> 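Below: one structure in C-alpha cells.
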Amino acid sequence: MSFLKYALPALAVAGRAAAQSSCSAATTTIQNAGDASALASCTTFTGSIAIATGTTDNIALDGIQKIQGSLIANNVTGMTQLSAGDLETITDSFTLSELTVLSSLTFPVLTNVDMIEWTALPALQQLSFTNGVQTASQVSIQNTQLNTLDGINLQVVDQFFIANNNYLENIEMQLGNITTSLILESNGKNVSAIFPNLDWAYNMTFRNCSQVSIPSLASLNGSMGFYSNEFSTLNAPNLTTVGGTLSFVSNTDLSNVTMPSLKSVGGGFQIANNTEFKIVNGFPKLATVGGALDFYGNFTNVTLPSLSDVRGAFNLQSSADITDDCSTFQSLAGSNNVIKGTFTCAGEQAKPSGQGSTPSSTGSSSSSSSTHSSGAIPMYIPTGAAGFMGVVAAVFGIF
Ligand SMILES: *[C@@H]1O[C@H](CO)[C@@H](O)[C@H](O)[C@H]1NC(C)=O
Ligand SMILES: *[C@@H]1O[C@H](CO)[C@@H](O)[C@H](O)[C@H]1NC(C)=O
Ligand SMILES: *[C@@H]1O[C@H](CO)[C@@H](O)[C@H](O)[C@H]1NC(C)=O
Ligand SMILES: *[C@@H]1O[C@H](CO)[C@@H](O)[C@H](O)[C@H]1NC(C)=O
Ligand SMILES: *[C@@H]1O[C@H](CO)[C@@H](O)[C@H](O)[C@H]1NC(C)=O
Ligand SMILES: *[C@@H]1O[C@H](CO)[C@@H](O)[C@H](O)[C@H]1NC(C)=O
Ligand SMILES: *[C@@H]1O[C@H](CO)[C@@H](O)[C@H](O)[C@H]1NC(C)=O
Ligand SMILES: *[C@@H]1O[C@H](CO)[C@@H](O)[C@H](O)[C@H]1NC(C)=O
Ligand SMILES: *[C@@H]1O[C@H](CO)[C@@H](O)[C@H](O)[C@H]1NC(C)=O
Ligand SMILES: *[C@@H]1O[C@H](CO)[C@@H](O)[C@H](O)[C@H]1NC(C)=O
Ligand SMILES: *[C@@H]1O[C@H](CO)[C@@H](O)[C@H](O)[C@H]1NC(C)=O
C-alpha cells in the first residue's frame, strides 16, 4: 500500500520507545483508519500526509505531534470526522477542500500552522481546537458553515482572508499586527470583526461586516477600505496614519466616522455612495492627503479643519446644499495653496459623482472648478440659479 512508503525508524519498530520516534516520506496517503493508526508511533512526521479521495472512515491521526510538511485532504467527499489528538505543529500547509460531509474537525492542541487553506467545507459548523492556533503566516477560509472562528486566535499573521462563510457571525482575534493583508467579505449577515489589540496592518479591506472594532489601530502601511458594510458608526480613535488610500464606499447605513487622531493619508481619500453619511466632521486633525480627495454623496456638512496639503485633485459633490463648505474649501485651492490639484465642489447635484466628473448645471448651490490640465484656461462650471448667491468664483490652479 502506498502509505507504507514512509520509513519507520528502528526504534519505532521496538514498540514502547515510540514516543521519541520520527518518520519520513515525501507524501504518505491515508486511505482508512488503519492507515492513520499505523502512523501513531511517529512523534514527528517529516513529509506530507494526504487523505485519499475515496476515504470514508473517520480519520484520527493520534500520536503525531509535529508534521514537518503539510496535512492535506482534498475532495474527500465521504469523510465526516478528522482529528489529531496530539498534533501541535504543521510546518507547511493545513489544506482542506471539498469535504462535503466533514462535520467534525478536532485538533485540541494544534497551535502552530504555516498556512491554513480551507475551502468548500459545507458541513463544518465549528472547530474543536481547544488550545487554538496562535501563529500562521496565511489563513484563507472560504465557503464553510463555520459559526465562529473560535479555535483560531492568531497573534500574528501575514495574510488573512475570510470570505463566503454565510453563517460566520464573529471574527475576533488577538492579532497585534497584520504584515500583508486582511480581507473580510460576504460572511454572515451579522458578522462582527473585532480586533482589540491590533496595532498596525499593511492593507485591510472590510466588506459586508455589521461591526468593525479597531480601538488600538495606529497605522496602516498601505490602504484601508470599507465597502458595503452594514454598520452605522466607525470609530478608530488611535489611527494616525494611513500610508495608502482610505475608502468608504457604499456603506448603506454609515452615518458617523470618527478618526480623531488621523493626521495623514498617503494616497487618495474617498467617501462615496454612503447614503446616510451626511455630516463629515470626524477628521479634526487630518492635515495631509497625498493623492486625490474624492467625496460624493448626500452630505450636508463637510469639515476638515486641519487640512493643510492635498496633493491630488479635490472633488466634493453632494445632493444637498453645501455652499458654505464649498466656499471654505475654495479658499484653500490653488497651486501655492493647500489644494493643489483640480478643484471641484458642488452642492444640489442630482447625481453626485466622482473625481473627474463634471457636476451637472442643475444645482443651485455653489459649483466651481479649476484645472491645470488645460493650461491657463479655466474650466468654469455654471450653475442653474445664476445670479443668486450660488456661484463661487472659479479658482485657477496653475502648476
Ligand atoms: C473528486 O473525486 C471524484 C472521485 O471520487 C472525481 O470524480 C472528481 O473529479 C474529483 N473532483 C475534483 C475537483 O478533483
Ligand atoms: C506584532 O504583533 C505581535 C503580537 O502582538 C507582537 O509580539 C510583535 O512585537 C508585533 N511586531 C511588530 C513588528 O509590531
Ligand atoms: C496593498 O494594497 C495595494 C492596493 O491594493 C496593493 O497595490 C499592494 O500590493 C498591497 N500590499 C500588500 C503588502 O498586500
Ligand atoms: C457584499 O458586498 C458586495 C459589494 O461590495 C455585494 O456585491 C455583495 O452582494 C455583498 N454580499 C453579501 C452576502 O451581502
Ligand atoms: C448582531 O450581533 C450583535 C452582537 O455582535 C447582537 O447584539 C445583535 O443583536 C445581532 N443582531 C441581529 C439582528 O442578529
Ligand atoms: C491609544 O494610543 C495611546 C498612546 O499611544 C495608548 O496609550 C493607548 O493605550 C491606545 N489605546 C488603545 C485602545 O490601544
Ligand atoms: C508597517 O508599519 C509598521 C508600524 O509602523 C512597521 O513596524 C513596519 O515595519 C511597516 N512595514 C513595512 C513593510 O513597511
Ligand atoms: C459621531 O460619534 C461621535 C462619538 O463616537 C460623536 O462625538 C459625534 O458627535 C458623532 N457625529 C455625528 C455627526 O453624529
Ligand atoms: C457610486 O454609485 C454610482 C451609481 O450607482 C456608480 O456609478 C459608482 O461607480 C459608485 N462609486 C463607487 C466608488 O463604487
Ligand atoms: C443619496 O440618498 C439617496 C436616497 O435618499 C440614495 O438613493 C442615493 O444613492 C444617495 N446618493 C449618494 C451619492 O450616496
Ligand atoms: C451644517 O452646516 C450648516 C450650514 O453651514 C450649519 O448651520 C450647521 O450648524 C452645520 N451643522 C453641523 C453639525 O456642523
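As the structure lists them, so they are numbered: ligands from 1, and atoms in each ligand from 1. What you see is a predicted model; the values in this text were computed from it and never measured. Numbering of residues begins at 1 and proceeds along the displayed sequence.
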> Just so I know, are the side chains of Leu239 and Met224 near enough to count as touching, which here means a heavy-atom distance under 4.5 Å?
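Yes. Closest side-chain heavy atoms under 4.5 Å.
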
> Quick one: are Leu154 and Val139 in side-chain contact, heavy atoms under 4.5 Å?
yes

> For Asn221, counting its heavy atoms only, list the atoms of ligand 7 lying under 4.0 Å from any of them.
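Taking each heavy atom of Asn221 in turn, ligand 7 has 1 (C), 2 (O), 3 (C), 8 (C), 10 (C), 11 (N), 12 (C), 14 (O) under 4.0 Å.
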
> For Ser186, is at least one N or O under 3.5 Å away from an N or O on ligand 4?
yes

> Is Leu99 reachable from Ile72 through a run of I, L, V, M, F, W or Y residues, each pair having side-chain heavy atoms under 4.5 Å apart?
no

> Can you list the residues that meet the ring-ring contact (aromatic ring centres under 6.0 Å, His included) rule with Phe329, with sequence neighbours excluded?
Phe314

> Contact residues of ligand 9 with a heavy-atom cut-off of under 4.0 Å?
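For ligand 9, the residues that come within the 4.0 Å heavy-atom cutoff are Val249, Gln270, Asn273, Tyr296.
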
> Can you sort out the partners of Ser319 under side-chain contact (heavy atoms from CB on, under 4.5 Å), two or more places apart, ordered by chain and number?
Asn298, Pro352

> Phe277: which residues meet the ring-ring contact (aromatic ring centres under 6.0 Å, His included) condition with it, sequence neighbours left out?
none

> Has ligand 7 got any nitrogen or oxygen that is less than 3.5 angstrom from a nitrogen or oxygen of Tyr202?
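Looking only at distances, the answer is no, because the N/O contact criterion of under 3.5 Å is not met.
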
> Would you say the ring centroid of Phe269 lies under 6.0 angstrom from that of Phe283?
yes

